[in-house]
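Letters A, B, ... are given to chains in the order of the sequence lines, protein chains preceding strands, and every chain is numbered from 1. Since the structure is predicted, the reported quantities are computational estimates derived from the model, not experimental observations.
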Protein chains: 2
Amino acid sequence: MGFSNSQESHPADLPAALTIADSIRHHNLPGAFTEPVAYAKEQSILSEGELATDIHIVVSGAVRLFKMMPDGRRQIIGFAFPGDMLGLSLDDRYLHSAEAISPVILRHMGRRQLAALLERDHGLRKALLAWTMTELQIAQDQMLLLGRKDATERLSSFLLTLLQRRNHSTEDRHLPLAMTRTDIADYLGLSMETVSRTISLLKGRRLIRPLADHSIELLNVPGLRDLAAGNAIAVQLDP
Amino acid sequence: MGFSNSQESHPADLPAALTIADSIRHHNLPGAFTEPVAYAKEQSILSEGELATDIHIVVSGAVRLFKMMPDGRRQIIGFAFPGDMLGLSLDDRYLHSAEAISPVILRHMGRRQLAALLERDHGLRKALLAWTMTELQIAQDQMLLLGRKDATERLSSFLLTLLQRRNHSTEDRHLPLAMTRTDIADYLGLSMETVSRTISLLKGRRLIRPLADHSIELLNVPGLRDLAAGNAIAVQLDP
DNA sequence: CGACCTGTTGATCGTGGTCAAGATTAGTGG
DNA sequence: CCACTAATCTTGACCACGATCAACAGGTCG
């Protein structure tokens, strides 16, 4: 879930960052997860406050994780893609809700079974700690974005973290957007109209090119990086 | 660092939430930390991007953790009080900066020594995982606050989490504020003028009473809870 | 006691939200 | 496969919340 915008660095003596799915594959834990379960687009996977019976791993598709306020305001906390985990929580209730953005396939595992595995498998413990710390870092970057960045900076940051996430074969600047404008808005703390306007603005400045199939081509990654970091001066408003 | 606004729930089979300091005391790890080190008010403790050589435990005083943008915009990621840890990171660089808000006393421990302790001590590993997950939960609550709450809701949430943090002997509604208005503003994603105005507003509605010594008395906790949750309708704008 | 820092309050402005009207795309069924 | 409908997206006009600029008050410390 979520994305980090920080520069990557070399892992030292603390556990390295792998996806949980990687880790479970790597540590060869057979039969830990159920068979794949399919969810339709827009289907609810779990809800904030519910009893946290299971954790889930995304096999395919995309998921949004979010919190709601009583009057309907929504904050998307992150997105989950294949390899990502959802539903982990310290207490026995889920911390946020999750819905399928596209058709999704998940595997899940009982909470007590995870706890038992963790008791046995040192590598898995390390992987879980690494995952949690990575998520924390992502969340803290997002706090800076939500608290202090303007709409253009938010959009640029979002696109770049998506690019990094999908760590494309180095020079593929083509981003498929699984989520709607409304989802992006609720992730970036904006209205969907502002997201739309800001995309048009970046398009006008030749930084991106929105394509017909809900995907975006990044035409000027360094320019986007300047914007995302808040060096707005460095980017020309050329004709 | 930081605070959680979520309702507390019963810990289940995953590790319980203790402060790291508690855990180290509890697990009886002698000589793990250095002797206490004093920092003056406003003194820098560590800086984002620096080599992460040590982790620190707050013995006394208050610390702000923050990220800066190149043009000086600041987002405070959390505050650290006695018993809290700072400086933990997956890679070898600090993720954010830390400064003493008041005179502060810290103990620290080398990164490799922590890693060695973690290899040996199962309980400490659990405590560290619990700590990280608690911080993640706090950060996600803060994402909702920063992305979707208005100034009044932010202030109310902040005061309530402070109250909960300092888990006062049940009925003490008296909050000493260690930080300035500017710090609160940079934590809540507001300007310091808006923080000041919002405090005056809550004071006008008889929800709080700011005292002379930088502390605030909470006069109507249920009312503040309604505001914090976004049930603004439930609160009267009485004369 | 005076200088400075922190906080309060007022006046004005601007970014982004809201409301609204079209345009485009996707979905559905004949 | 196309026609019709519905959802998503774009763009425009206006508005409001909170930012900025500014003046002043209170508190703190040398």
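- Ion pairing between a basic and an acidic side chain is recognised when a charged N comes within 4.0 Å of a carboxylate O; R74(A) and D183(A) show such pairing.
- Nearer the 5' end of DNA chain D, as judged by each residue's closest nucleotide, is the contact made by S200(A), out of G189(B) and S200(A).
- Between Q140(B) atom CD and E135(B) atom CD the span is 12.0 Å, to the nearest 0.5 Å.
- From T182(A), atom OG1 reaches atom CG of L190(A) across 12.0 Å, with rounding to the nearest 0.5 Å.
- The side-chain contact (heavy atoms from CB on, under 4.5 Å) test with Q75(A) singles out one residue from L65(A), L188(A), L146(A), D186(A), and that residue is L146(A).
- A straight line from NZ of K41(A) to P of dT28(C) spans 10 Å, rounded to a whole angstrom.
- At whole-Å resolution of the value, CG in L177(A) and P in dT25(C) are 15 Å apart.
- One finds the CZ atom of R209(B) at 11.0 Å from the CG atom of L218(B) (value rounded to the nearest 0.5 Å).
- With rounding to whole Å, M192(A) atom CE is found 16 Å from dT24(C) atom P.
- The residue S196(A) sits close to a base: some heavy atom pair falls under 4.0 Å.
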Exercise for the section: For DNA chain C, just give me the dot-bracket, please: Watson-Crick or G-U, both distances below 3.5 Å, ( ) intra-strand, [ ] crossing earlier pairs, | paired with another strand, . unpaired. Expected result: |||||||||||||||||||||.||||||||

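- When the nearest nucleotides of DNA chain C are assigned to D213(A) and L190(A) by heavy-atom distance, the more 5′-ward of the two goes with L190(A).
- L177(B) CG to I101(B) CD1: the interatomic distance, rounded to the nearest 0.5 Å, is 10.5 Å.
- Look at T194(A) and you'll find a side-chain N or O under 4.0 angstrom from OP1 or OP2 of dG17(C).
- Look at CD1 on I216(B): it is 9 Å from P on dT8(C), rounded to the nearest Å.
- A donor N or O paired with an acceptor N or O is not found under 3.5 Å between the base of dG16(C) and the side-chain atoms of R154(A).
- Salt-bridge annotation for R73(B) and D71(B): present, with a side-chain N of the basic residue lying under 4.0 Å from a carboxylate O of the acidic one.
- Between the CD1 atom of I208(A) and the P atom of dT10(D) there is a distance of 10 Å, rounded to whole Å.
- At a cut-off of 3.5 angstrom, the base of dT11(D) holds no donor-acceptor pair with the side chain of R181(A).
- Remark: C1' of dC5(C) and CD of E42(B) are 11 Å apart, rounded to the nearest angstrom.
- Between the P atom of dC24(D) and the CZ atom of R197(B) lies a distance of 16 Å, rounded to the nearest Å.
- Comparing E193(B) and I199(A) against DNA chain D, the residue whose closest nucleotide sits nearer the 5' end is I199(A).
- Contact annotation: S191(B) does not reach the phosphate of dG18(D) (side-chain N/O to OP1 or OP2, under 4.0 Å).
- Regarding D186(A), its CG atom lies at a distance of 13 Å from the P atom of dT8(D), rounded to whole Å.
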